[in-house]
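What follows is a short report on a single structure.
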Amino acid sequence: MKKMKKMVIASMSMLVLLTLLGGCANTSQGDVTEADTQMIETQDETNINVKDKQDTTTFVDEKLDENLFISAELKLPENNLYEYITQLKSFDYDIVQEAIGQNTEGDLVVDDGSDKFTGGSLTYQRNDMANHLDTYCSYAGEMGLTDDKDLSFMSQEDAVARLQIVIGMLGVGGEPEALDVVAMNQSDFENVKKAIMEDSDYQFLSAKGYGSDTFKEDMEVYKILFRMNVNGIPVYRNEPNLRQTSERFLAYPAIVTALLSNNGIEMITMMGMFEPYEEHQKEAIIIGKDGIKEAVMKKFGDVILTNEFRARSIWMEYFPLLREDSFTEMELIPVWCVDFEVDGQSIEDSRYSIRFNAITGEEIS
């Protein structure tokens, strides 16, 4: 339970870092417009088509060395993979306003790429209350205080479709996939507000006006978390225990979070977005089971392990690396991610992860 609370606090801290404003105000609710419905109906025409990937799955259960084991499912992509060269997204303010639509009076921050240390980020919140709604949705999702349901103004499926279209209008690279949806109505907000006010770890929110928040009877909100995929493979999105081992700078994780109510978009934040890449820039020959075992052995080969390390989870993702001598140009390379449990502890508790370049086997993080 404590870990869940820390995740909510971390989410709130991220919003502060993204310059979102705090405060309290009522959010008026309205009907979905005809234009919104048309956007949903045209989804099939605007979504990027991605070939279905047929993966070969095997289970690896081997002892590699003293106290070093692999016991994990391994999925090898059958389709050819590619490395891509692109750059962090530079958003056009007018296009963003058009995509957001009827709520352009809200607070909008678009990174234009002028700061060499940033790029690829966008934040919009309709008003100060949007920040509070995000906190309530995050808390409810982490604590399991809301049901998996469709809201009356729009189904989960249509809400995801609408936001995918908005993301597509912004001209970012990759394909957005919804990972998590939290659906809340007025009753849910009242219950979560009560739970937060009674939670000793969240007493500081009283000073921020949360205790005086009110919710209109017809209020309904979806909070949707998206990841970005490239060729059906997820792009790194801030998984835990990332260790910087490369001399090159890592680019930002690719994350999209949005709040959609029956009055439109309440909030959207985007980080690590990149420009659309040219297709098939450089074909990548991926190392398989033997290459992964070799990479793990190279990592631990000269180390006398006094604890048992067992690889329990192996998956592939695209990893963003800033190019040498650049703060905006980046490469997307396929990597193998390996999660270890240590001395029988669960992966969540041991939190020891390694990422290997899926082409060279070189440790990246």
Side-chain angles (χ1 to χ4, degrees), residues 1-30 32 100 103 106-107 123-156 159-160 162-163 178-226 238 255-271:
M1 189 68 72
K2 291 294 184 181
K3 290 180 181 177
M4 292 180 177
K5 293 177 182 177
K6 289 179 181 177
M7 291 176 68
V8 178
I9 294 172
S11 174
M12 294 166 54
S13 298
M14 179 65 74
L15 292 177
V16 173
L17 291 174
L18 292 173
T19 68
L20 294 176
L21 302 177
C24 175
N26 285 317
T27 303
S28 61
Q29 307 298 320
V32 180
I100 291 172
N103 299 323
D107 180 41
T123 66
Y124 165 79
Q125 76 175 32
R126 177 205 295 274
N127 51 31
D128 293 342
M129 183 62 174
N131 196 25
H132 290 211
L133 297 178
D134 181 59
T135 300
Y136 293 128
C137 289
S138 297
Y139 189 95
E142 296 295 345
M143 302 301 182
L145 299 180
T146 185
D147 297 326
D148 181 16
K149 57 179 177 285
D150 286 337
L151 299 175
S152 62
F153 82 99
M154 184 180 289
S155 68
Q156 287 192 29
V160 169
R162 179 186 171 187
L163 288 169
L179 287 184
D180 186 53
V181 180
V182 174
M184 295 184 64
N185 55 29
Q186 185 220 23
S187 177
D188 295 320
F189 281 111
E190 294 287 1
N191 292 336
V192 172
K193 172 188 168 183
K194 183 175 184 294
I196 287 180
M197 291 298 99
E198 294 175 353
D199 190 328
S200 60
D201 290 344
Y202 288 84
Q203 292 302 306
F204 68 94
L205 292 180
S206 296
K208 297 181 179 293
Y210 281 73
S212 59
D213 285 341
T214 59
F215 312 101
K216 291 191 175 182
E217 185 175 350
D218 64 345
M219 174 179 283
E220 294 184 326
V221 178
Y222 285 114
K223 176 174 180 176
I224 306 177
L225 173 67
F226 292 91
N238 205 30
I255 306 171
V256 181
T257 304
L259 297 184
L260 179 66
S261 76
N262 47 337
N263 198 34
I265 296 175
E266 301 288 339
M267 174 186 288
I268 185 167
T269 65
M270 308 179 75
M271 290 186 63

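Counting begins at 1 with the first residue of the sequence.
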Partner set under side-chain contact (heavy atoms from CB on, under 4.5 Å) for A258, not counting sequence neighbours: L163, I268

Side-chain donor-acceptor contact under 3.5 Å, Q125 with D134: no

Salt bridge (Lys or Arg N to Asp or Glu O under 4.0 Å) pairs touching residues 187-196, sequence neighbours excluded, are K149-D188, K194-E198

Chi angles and distances behind the side chain to side chain contact (heavy atoms under 4.5 Å, CB included) call for M219, S261: CA-CA 7 Å; M219 174 179 283; S261 76; over 6 Å; no

So, using side-chain contact (heavy atoms from CB on, under 4.5 Å) as the criterion, who are the partners of L145 when residues are at least two apart? Y139, A140, M143, V192, A195

Residue pair D148, Q156: steps toward the side-chain hydrogen bond (donor to acceptor under 3.5 Å, both in side chains) verdict: CA-CA 9 Å; D148 181 16; Q156 287 192 29; 2.7 Å; yes

Pairing residues for D147 by the side-chain hydrogen bond (donor to acceptor under 3.5 Å, both in side chains) criterion, not counting sequence neighbours: none

Locate the shortest heavy-atom distance separating T214 from M129; write the atom from each residue and the value. O-CE, 4.1 Å

All ring-ring contact (aromatic ring centres under 6.0 Å, His included) counterparts of Y222, not counting sequence neighbours: F153

Please tell me whether Y210 and Y136 form a close aromatic pair, meaning their ring centres lie under 6.0 Å apart. yes

With sequence neighbours left out, the residues meeting side-chain contact (heavy atoms from CB on, under 4.5 Å) with N191 are S187

I'd like to know whether K223 forms a side chain to side chain contact (heavy atoms under 4.5 Å, CB included) with V181, so could you lay out the CA-CA distance, the side-chain angles of the two residues, the decisive distance to 0.1 Å, and finally the verdict. CA-CA 6 Å; K223 176 174 180 176; V181 180; over 6 Å; no

